[in-house]
Amino acid sequence: MKNIILALFAVITLVSCGSKAGFSSKQEVVTNTKWILADNVSGSKVPTLNIETKRISGNGSCNNYFAEAMVNASNGTFVIGNVGATRMACNDLKTEQNFFNLLEQANKYAVKDGFLELYKDNLLLLRFKK
């Protein structure tokens, strides 16, 4: 009985956390928009994100990148394929690679107060501004 109560409590907690993320069934259309990373802590050039119909591109702070993308406003999904990038030698390639990895992990998005937020499930990964 104790295990059933604990399991029920865990399910209720997960459901309530999921509802707090504020995702609606329909999101703002973001195709053909350009964004810059809002919370850049690396001190280098600010990464950008250009969303087109079936692809994304931009600059990761040193190298230009590109990837196929599936962005669906009806359900808020944001899924991209493997990121390809130029290979310029830069001082902070580790930070740029982390940025690319976060982009690849994103599976949904939300536009809130003029910011584009990319999530992996309900975990905020990246936040951009226009």
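Here the structure is a predicted model, which means the values were calculated and not measured. Both backbone and side-chain heavy atoms feed into the values below; hydrogens, waters and symmetry mates do not.
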Undergrad: Calculate, to the nearest 0.5 Å, the distance between atoms CG and OG1 belonging to N107 and T77 respectively.
TA: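 Answer for the CG-OG1 pair, N107 versus T77, is 8.5 Å.
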Undergrad: Rounded at 0.5 Å granularity, tell me how far CD in E28 sits from OG1 in T33.
TA: 8.0 Å
Undergrad: State whether a side-chain donor-acceptor pair under 3.5 Å links N32 with E52.
TA: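 Distance-only check fails for N32 and E52.
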Undergrad: In a check of side-chain contact (heavy atoms from CB on, under 4.5 Å) between K108 and each of N75, N72, V71, N122, which one passes?
TA: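 The option that passes is N122.
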Undergrad: If you compare all heavy atoms of R127 against all heavy atoms of D39, which two are closest, and at what distance to 0.1 Å?
TA: CB-OD2, 3.6 Å
Undergrad: Test side chain to side chain contact (heavy atoms under 4.5 Å, CB included) on M70 and K54; report intermediate values, then the result.
TA: CA-CA 6 Å; M70 187 177 72; K54 292 186 178 183; over 6 Å; no
Undergrad: Run the numbers on N64 and S57 for side chain to side chain contact (heavy atoms under 4.5 Å, CB included), then give the verdict.
TA: CA-CA 7 Å; N64 293 323; S57 62; over 6 Å; no
Undergrad: Cluster question for you: counting only ILVMFWY and a side-chain heavy-atom cut-off of under 4.5 Å, with indirect links fine, are F66 and F128 together?
TA: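 No; F128 is not reachable from F66 via cluster members.
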Undergrad: Quick one, L103 and I80 - any side-chain contact, counting heavy atoms below 4.5 Å?
TA: yes
Undergrad: To the nearest 0.5 angstrom, please state how far the NZ atom of K45 sits from the SG atom of C62.
TA: 8.5 Å
Undergrad: Closest approach of P47 and G60, non-hydrogen atoms and distance?
TA: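 For P47 and G60, the tightest heavy-atom pair comes out as CG-O, 3.7 Å.
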Undergrad: Any link between V29 and I51 through a network of hydrophobic side chains (Ile, Leu, Val, Met, Phe, Trp, Tyr) touching at under 4.5 Å?
TA: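 No: no chain of side-chain contacts under 4.5 Å links V29 to I51.
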Undergrad: Please report the interatomic distance CD1(I36) to CG(L49), rounded to the nearest 0.5 Å.
TA: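 The CG atom of L49 is 11.5 Å from CD1 of I36, to the nearest 0.5 Å.
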Undergrad: Any side-chain heavy atom of V30 sitting closer than 4.5 Å to one from V111?
TA: yes
Undergrad: Mind checking whether L126 and Y119 have side chains closer than 4.5 Å, heavy atoms only?
TA: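 Of all side-chain heavy-atom pairs linking Y119 with L126, none is under 4.5 Å.
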Undergrad: Using 0.5 Å steps for rounding, measure from the CD atom of Q105 to the CG atom of L123.
TA: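 Between atom CD of Q105 and atom CG of L123 there are 8.5 Å.
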Undergrad: Which heavy atom in F115 sits nearest to a heavy atom in A38, and how many Å separate them?
TA: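 So the minimum-distance heavy-atom pair works out to CE2-CB, 3.9 Å.
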Undergrad: With no hydrogens and no angle check, just 3.5 Å: does a side-chain donor-acceptor pair link N101 and Q97?
TA: yes
Undergrad: Given R55 and E68, is the salt bridge (Lys or Arg N to Asp or Glu O under 4.0 Å) satisfied, shown in steps?
TA: CA-CA 4 Å; R55 59 178 277 139; E68 291 184 1; over 6 Å; no
Undergrad: Which pair of non-hydrogen atoms, one from M88 and one from L93, has the smallest distance, and what is that distance?
TA: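 Between these two residues, the closest heavy atoms are O-CD2, 4.0 Å.
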Undergrad: Apply side chain to side chain contact (heavy atoms under 4.5 Å, CB included) to S61 and E96, showing your working.
TA: CA-CA 6 Å; S61 75; E96 183 176 72; 4.0 Å; yes
Undergrad: Decide whether a cation-pi geometry holds between K130 and W35; the criteria are a distance under 6.0 Å from NZ or CZ to the six-membered ring centre and an angle within 45° of the ring axis.
TA: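 Cation-pi check for K130 and W35: passes.
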Undergrad: Give me the atom names and distance for the closest heavy-atom approach of A67 to N82.
TA: CB-O, 3.8 Å
Undergrad: Closest approach of L118 and Y109, non-hydrogen atoms and distance?
TA: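 Minimum heavy-atom separation between L118 and Y109: CD2-CB, 3.7 Å.
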Undergrad: Could you measure the distance from the CD1 atom of I56 to the OG1 atom of T31? Nearest 0.5 Å is fine.
TA: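 It is 13.5 Å, given to the nearest 0.5 Å.
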Undergrad: Answer yes if L125 and V79 sit in the same cluster of Ile, Leu, Val, Met, Phe, Trp and Tyr residues linked by side chain heavy atoms under 4.5 Å apart, and no otherwise.
TA: no
Undergrad: F100: what forms a ring pair (Phe, Tyr, Trp, His ring centres under 6.0 Å) with it, not counting sequence neighbours?
TA: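 Y65.
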